[in-house]
Q: 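Take a look at this one; I'll ask things after.
Scope of the values below: all heavy atoms of this structure, side chains included, with no hydrogens, waters or symmetry mates. All residue numbers refer to positions in the sequence shown, counting from 1. Just follow the structure's listing: the first ligand is 1, and inside any ligand the first atom is 1. Since this is a predicted model, take the numbers as computed values, not measurements.
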Amino acid sequence: MGYRRDTEPKACEITPEAIWQERRQVLSALLLGGASAIISPTAHADAAPSGRLLPAPRNPAFVAQEPPNSWVDATTYNNFYEFGTDKSDPARNAGTLRPAPWSVTIGGEAQLRGTFALDDLLKPHPLEERIYRLRCVEAWSMVIPWIGFPLAALIQRFKPTSKAKYVAFTTLQDPVQMPGQRSGVLDWPYVEGLRIDEATHPLAFLAVGLYGRVLPNQSGAPLRLVVPWKYGFKSAKSIVRIDFLEHAPKTTWAVSNPREYGFYANVNPAVDHPRWSQKTERAIGAGLFAPRRATRPFNGYSEVASLYTGMDLAQWF
Ligand code: MTE
């Protein structure tokens with residue numbers, strides 16, 4: 001991601017970080033005298049998924065053109081600043097998060113509100129698996145089989161009032177469990193938001209698992225958002241509050257650097273980030289010599305385009 005105000009560059013600037021990781025892999029491949037280690041930027045790319053099983057039927061309406069990434073790609077190359085700004089930090093450091101017991105508060109402009117144990121919140125919603133592409137603002141992408149349920153189902157259950165124009169998602173704030181919150185790299189807690197018509201679009205998803213397992217901590221346990229047509233920073237992790245609001249919430253990256261990160265954050269090859277192009281992307285795990293791919297508008301999910309009819313997406317980036 002970007003700079004925090006005018007301080008030094010942060011390790012989250014993915015392009016240099018990715019190149020560095022790949023260089024390291026090339027070096028170790030050369031040292032080992034083999035080529036297999038450069039197939040993925042991460043080591044042990046064939047390691048099997050681990051954690052508690054969470055079987056869910058695949059919804060065939062949501063499958064990607066590309067094969068899914070490996071479990072290792074998805075769980076060792078993460079953004080989760082509550083555990084550090086390096087891609088490898090969350091997998092190393094997120095062991096301090098206690099995803100159970102967990103409760104989520106539903107508040108704001110809704111007929112039903114309250115604080116619910118996660119299990120009670122999930123109970124009415126059958127789980128399904130959907131394969132979604134996630135495209136990070138830093139110009140890399142992954143394809144991941146998520147397990148969860150449509151955000152729209154949860155929203156309908158709590159009966160938002162006519163004043164509810166936005167939905168805000170707030171992450172846990174606890175510097176003991178999330179040691180990265182002791183740093184001022186972002187304003188905590190991490191907050192994201194969607195317009196209510198975006199939030200109720202059938203693609204918007206609340207995930208509790210991936211690859212047939214419960215979410216590992218670094219992936220946003222125990223409850224995270226997946227909004228596949230938007231840059232990855234909209235997909236808030238470890239959610240503790242969902243609020244229905246009349247006005248747009250102040251979202252973390254837009255507060256941190258409004259010139260670089262907007263509220264909408266729709267994947268858009270035509271609107272560059274001020275410091276890098278969004279025209280192409282690098283598929284994590286595709287290998288060092290794989291060509292970059294063209295970024296697709298809305299990350300390929302063109303069915304959402306009608307949500308933005310009449311809006312200048314260069315202004316509302
Ligand atoms: N959620 C919280 N709470 N904290 C974060 O730092 N990073 C975001 C998003 N959700 C982040 C977060 C960013 S920048 C991205 S790209 C995605 O999580 C990364 O999700 P992944 O690690 O599962 O790929």
Q: Quick one: look at K234 and ligand 1, take heavy-atom pairs under 4.0 Å, and tell me if it's side chain, backbone, both or neither.
A: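 Neither; no heavy atom under 4.0 Å.
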Q: Between the side chain of T251 and the main-chain N/O of G193, is any donor-acceptor distance below 3.5 Å?
A: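 Checking the backbone N and O of G193 against the side chain of T251, no donor-acceptor pair under 3.5 Å is found.
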Q: Looking only at heavy atoms, is any part of T171 under 4.0 Å from ligand 1, and if so is it the side chain, the backbone, or both, or is it neither?
A: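 The part of T171 near ligand 1 is the side chain, not the backbone.
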Q: How far is atom 19 (C) of ligand 1 from its nearest protein heavy atom, and which residue and atom name does that atom have?
A: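 Of the protein heavy atoms, N79 O, 3.8 Å lies nearest.
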Q: Are S238 and ligand 1 in contact, using a heavy-atom cut-off of under 4.0 Å?
A: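 Heavy atoms of S238 never come under 4.0 Å of ligand 1.
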Q: Could you tell me whether the side chain of S103 and the main chain of A117 form a donor-acceptor pair under 3.5 Å?
A: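 Looks like no, no N/O pair under 3.5 Å.
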Q: Counting heavy atoms only, which of Y261, Y190, W253 is nearest atom 5 (C) of ligand 1?
A: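 The option holding the nearest heavy atom is Y190.
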Q: List the steps, then state whether ring pair (Phe, Tyr, Trp, His ring centres under 6.0 Å) holds for W140 with Y77.
A: CA-CA 11 Å; W140 51 268; Y77 194 84; 5.2 Å; yes
Q: One thing to verify: whether K230 and E192 come together as a salt bridge, which I'm taking to mean a side-chain N less than 4.0 angstrom from a carboxylate O.
A: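 Looking at E192 and K230, the cut-off is not met.
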Q: May I ask which of K87, R224, E192, E82 has a heavy atom nearer to atom 3 (N) of ligand 1 than the others do?
A: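 Closest candidate by heavy-atom distance is E82.
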Q: Nearest to atom 6 (O) of ligand 1, what protein heavy atom do you find, and at what distance?
A: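 In this structure, atom 6 (O) of ligand 1 has Y81 N, 2.8 Å as its nearest protein heavy atom.
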Q: Whether the side chain of N78 engages the backbone of K87 through a donor-acceptor N/O pair (distance < 3.5 Å, no angle test) should be reported.
A: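 No; zero donor-acceptor contacts below 3.5 Å.
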Q: Kindly confirm or rule out an N or O of W140 lying under 3.5 angstrom from an N or O of ligand 1.
A: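 Checking ligand 1 against W140, no N or O pair falls under 3.5 Å apart.
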Q: Under 3.5 Å between some N or O of ligand 1 and some N or O of K237?
A: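 K237 vs ligand 1: N/O contact under 3.5 Å present.
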Q: Can you pull out the closest protein heavy atom to atom 16 (S) of ligand 1? Residue, atom name and distance to 0.1 Å, please.
A: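 Protein heavy atom with the smallest distance to atom 16 (S) of ligand 1: C136 SG, 3.2 Å.
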Q: Any donor-acceptor pair under 3.5 Å linking the side chain of W276 with the backbone of V137?
A: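 At least one qualifying donor-acceptor pair exists.
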Q: Salt bridge or not between R133 and E281? Use side-chain N to carboxylate O under 4.0 Å.
A: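 Salt bridge: yes.
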Q: For atom 10 (N) of ligand 1, what's the nearest protein heavy atom and its distance?
A: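 For this ligand atom, the closest protein heavy atom is S235 O, 2.8 Å.
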Q: Non-hydrogen atoms of E138 versus ligand 1: any pair closer than 4.0 Å?
A: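 E138 does not count as a contact of ligand 1 under the 4.0 Å cut-off.
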Q: May I ask you to identify the nearest protein heavy atom to atom 24 (O) of ligand 1, giving residue, atom name and distance to one decimal place in Å?
A: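 Among all protein heavy atoms, the one nearest atom 24 (O) of ligand 1 is L134 CD2, 3.8 Å.
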Q: If the cut-off is 4.0 Å to any non-hydrogen atom of G232, which atoms of ligand 1 fall inside it?
A: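 Atoms satisfying the 4.0 Å criterion: 8 (C), 9 (C), 13 (C), 15 (C), 16 (S), 17 (C), 18 (O).
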Q: Heavy-atom count check: over 12 atoms from other residues, nucleotides or ligands less than 6.0 Å from R157 CZ?
A: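 More than 12 within 6.0 Å, yes.
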Q: Quick one: does Q218 get an N or O within less than 3.5 Å of an N or O on ligand 1?
A: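 For ligand 1, there is no N or O atom that lies under 3.5 Å from one belonging to Q218.
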Q: Is the terminal nitrogen or CZ of K237 (NZ for Lys, CZ for Arg) located under 6.0 angstrom from the six-membered ring centre of F169 and within 45° of that ring's axis?
A: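 Here K237 fails the 6.0 Å and 45° test against F169.
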Q: If I apply the N/O under 3.5 Å rule, does S219 come out as touching ligand 1?
A: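 For ligand 1, there is no N or O atom that lies under 3.5 Å from one belonging to S219.
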Q: Compute the shortest N/O to N/O distance between W146 and ligand 1 and return yes if it is under 3.5 Å, no if not.
A: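 Among all N and O atoms of W146, none is under 3.5 Å from an N or O of ligand 1.
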Q: Mark yes or no for whether Q181, through its side chain, and D174, through its backbone, hold a donor-acceptor pair below 3.5 Å.
A: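 Yes; at least one donor-acceptor contact below 3.5 Å.
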Q: Checking R130 against Y132: is there a side-chain donor and acceptor pair closer than 3.5 Å?
A: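 Result is yes, a qualifying pair exists.
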Q: Counting from 1, what ligand 1 atoms have a heavy atom of N78 closer than 4.0 Å?
A: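 Atoms satisfying the 4.0 Å criterion: 21 (P), 22 (O), 23 (O).
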